[in-house]
2 protein chains.
Amino acid sequence: MSGPDESFLTNCLFFTANRLGRTITKIAEDAFAPTGLTPMYGYLIRLAVGTPGISQKELAEKLSVTPSTLTRFVDKLELKGLVERKVQGKTVLVYATAKGEGMIETIKAASRELRSRYEALLGKEFADEISKQLIFSSEQLEKQ
Amino acid sequence: MSGPDESFLTNCLFFTANRLGRTITKIAEDAFAPTGLTPMYGYLIRLAVGTPGISQKELAEKLSVTPSTLTRFVDKLELKGLVERKVQGKTVLVYATAKGEGMIETIKAASRELRSRYEALLGKEFADEISKQLIFSSEQLEKQ
DNA sequence: CTATTTTGTTTGTACATACAATCAAATTAA
DNA sequence: TTAATTTGATTGTATGTACAAACAAAATAG
């Protein structure tokens with residue numbers, strides 16, 4: 001009575017990782033709704049507040065996105081008046097504006113909300129553990 | 001000497017899951033290059049071959065994408081002559097064409113190549129384990 | 001010191017994906 | 001049996017993200 005074999009999906013790390021990505025992105029965007037930002041933008045602001053004048057290159061590395069994607073993120077946040085660029089030679093330094101800094105508590109609250117939502121469903125232990133394993137996996141796989 | 005606290009990234013399941021998703025998507029697309037398809041399209045064809053006449057609704061569920069996304073996937077594969085639609089009342093049944101079926105071995109080879117690439121970096125044990133945990137996490141989180 | 005290479009950023013373009021609205025078929029209720 | 005609801009699919013639109021090409025500044029080599 002077993003249907004066709006579909007284990008090629010559930011066994012595939014590409015599929016399972018992206019499936020979880022899509023699922024938790026929905027939860028994350030919902031938790032971040034009060035900020036008016038998606039989580040990646042919120043995290044960019046947190047980085048800029050934590051390290052004023054951080055370069056776009058560093059931001060891209062820390063957020064694990066390509067430089068072109070990062071340019072677009074900063075474009076949008078600049079347009080919203082939440083960060084500003086200072087060009088220094090060939091590098092661009094990013095600073096949170098006062099308006100951006102003013103959002104930091106809202107952003108942190110959204111992060112906490114996000115975390116508490118998924119911890120409620122996964123358990124704190126397991127959630128912590130799997131995040132660590134995901135980091136480890138990314139690092140291994142990025143060793144070309 | 002510790003820099004600013006950036007654990008909000010590495011502790012956040014939204015961030016870690018999507019980071020891994022981006023990383024492994026690159027590997028997966030590379031492994032699937034010989035098929036001329038991205039992995040999701042390859043998997044759709046595998047599902048259609050395994051269950052001839054599978055409905056779009058079922059495909060969307062199995063692939064964990066929305067119906068609108070699935071419509072677009074089928075559009076493209078139909079355009080490439082790899083699947084065809086048969087409308088049956090309000091549902092659409094999807095069949096692989098001969099051309100689509102002819103690709104199944106190439107697609108399976110790409111899946112094996114993908115798997116062997118990430119297993120080489122993560123170890124077979126760990127790769128298996130983490131895929132299971134990712135599935136479990138998605139299922140838990142999808143319980144609204 | 002000029003010429004070359006490298007490095008950081010940006011822009012054009014493309015794709016996967018989602019949501020909301022629409023539409024059409026099917027089911028249920030009156 | 002008609003009217004209302006539900007369900008599956010599609011379309012318009014928007015966003016995140018990538019890659020490749022272009023560009024400009026900096027570093028290195030001749």
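Numbers restart at 1 for each chain; the letters A, B, ... are given by sequence-line order, proteins then strands.
- Note on R22(A): a side-chain N or O is less than 4.0 Å away from OP1 or OP2 of dT17(C).
- Side-chain N/O atoms of K57(B) include one lying less than 4.0 angstrom from OP1 or OP2 on dG8(D).
- Distances shorter than 4.0 Å separate none of the side-chain N or O atoms of T69(A) from OP1 or OP2 on dG16(D).
- Look at K80(A) and D75(A) and you find no salt bridge, because none of the NZ, NE, NH1 or NH2 atoms lies under 4.0 Å from a carboxylate O.
- Judged by distance alone with a 3.5 Å cut-off, no donor-acceptor contact links the side chain of R19(B) to the base of dG16(D).
- Taking side-chain N and O atoms only, T71(A) has no distance below 4.0 Å to OP1 or OP2 of dT9(C).
- As rounded to whole Å, 13 Å separates atom P of dT9(C) from atom CD of E78(A).
- In this structure, the CD atom of Q56(A) is 11 Å from the P atom of dT11(C), given to the nearest Å.
- The CE-C1' distance, from M40(A) to dT17(D), rounds to 9 Å in whole Å.
- Remark: P of dT11(D) and CG of D75(B) are 7 Å apart, rounded to the nearest angstrom.
- Taking for each of F14(A) and G89(B) the nucleotide of DNA chain C with the nearest heavy atom, the 5'-most of the two is the partner of F14(A).
- Between K26(B) atom NZ and dC15(C) atom P there is a gap of 18 Å when expressed in whole angstrom units.
- The distance between atom CZ of R72(A) and atom C1' of dC19(D), rounded to the nearest whole Å, is 11 Å.
- Closest approach to the S68(B) side chain among dT10(D), dT17(C), dT17(D) is made by dT10(D) (side chain taken as heavy atoms from C-beta onward).
- For T91(B) and E29(B), each mapped to the nucleotide of DNA chain C holding its nearest heavy atom, the one lying further toward the 5' end belongs to E29(B).
- Between the C1' atom of dA9(D) and the CD atom of Q88(B) lies a distance of 14 Å, rounded to the nearest Å.
- Each of dT15(D), dT17(D), dT10(C) was ranked by its minimum atom distance to the side chain of F73(A); first place goes to dT17(D).
- Using a 4.0 Å cut-off, some side-chain N or O of T38(A) falls inside it from OP1 or OP2 of dG16(D).
- Checked by atom type, the side-chain pair S111(A)/R46(A) shows a donor-acceptor distance below 3.5 Å.
- Remark: K90(A) is not in phosphate contact with dT6(C), judged by side-chain N or O atoms under 4.0 Å from OP1 or OP2.
- When the side-chain nitrogen and oxygen atoms of R85(B) are compared with OP1 and OP2 of dG8(D), none of them lie within a distance under 4.0 Å.
- Candidate nucleotides dA9(D), dC19(D), dT10(C) were compared by shortest atom distance to the side chain of S55(B), and dA9(D) ranks first.
- Distances shown here put a side-chain N or O of Y41(A) below 4.0 Å from the OP1 or OP2 atom of dG16(D).
- Residue T66(B) places at least one side-chain N or O closer than 4.0 Å to OP1 or OP2 of dA18(C).
- Side-chain contact check for S138(A) versus Q140(A): every heavy-atom pair is 4.5 Å or farther apart.
- Regarding N18(B), its CG atom lies at a distance of 11 Å from the P atom of dA18(D), rounded to whole Å.
- Side chain to side chain, T69(A) and T66(A) meet the donor-acceptor criterion of an N or O pair below 3.5 Å.
- Electrostatic pairing of K132(A) and D128(A) does not count as a salt bridge here, judged by no charged N lying under 4.0 Å from a carboxylate O.
- Taking 4.0 Å as the cut-off between side-chain N and carboxylate O, K62(A) and E58(A) do not count as a salt-bridged pair.
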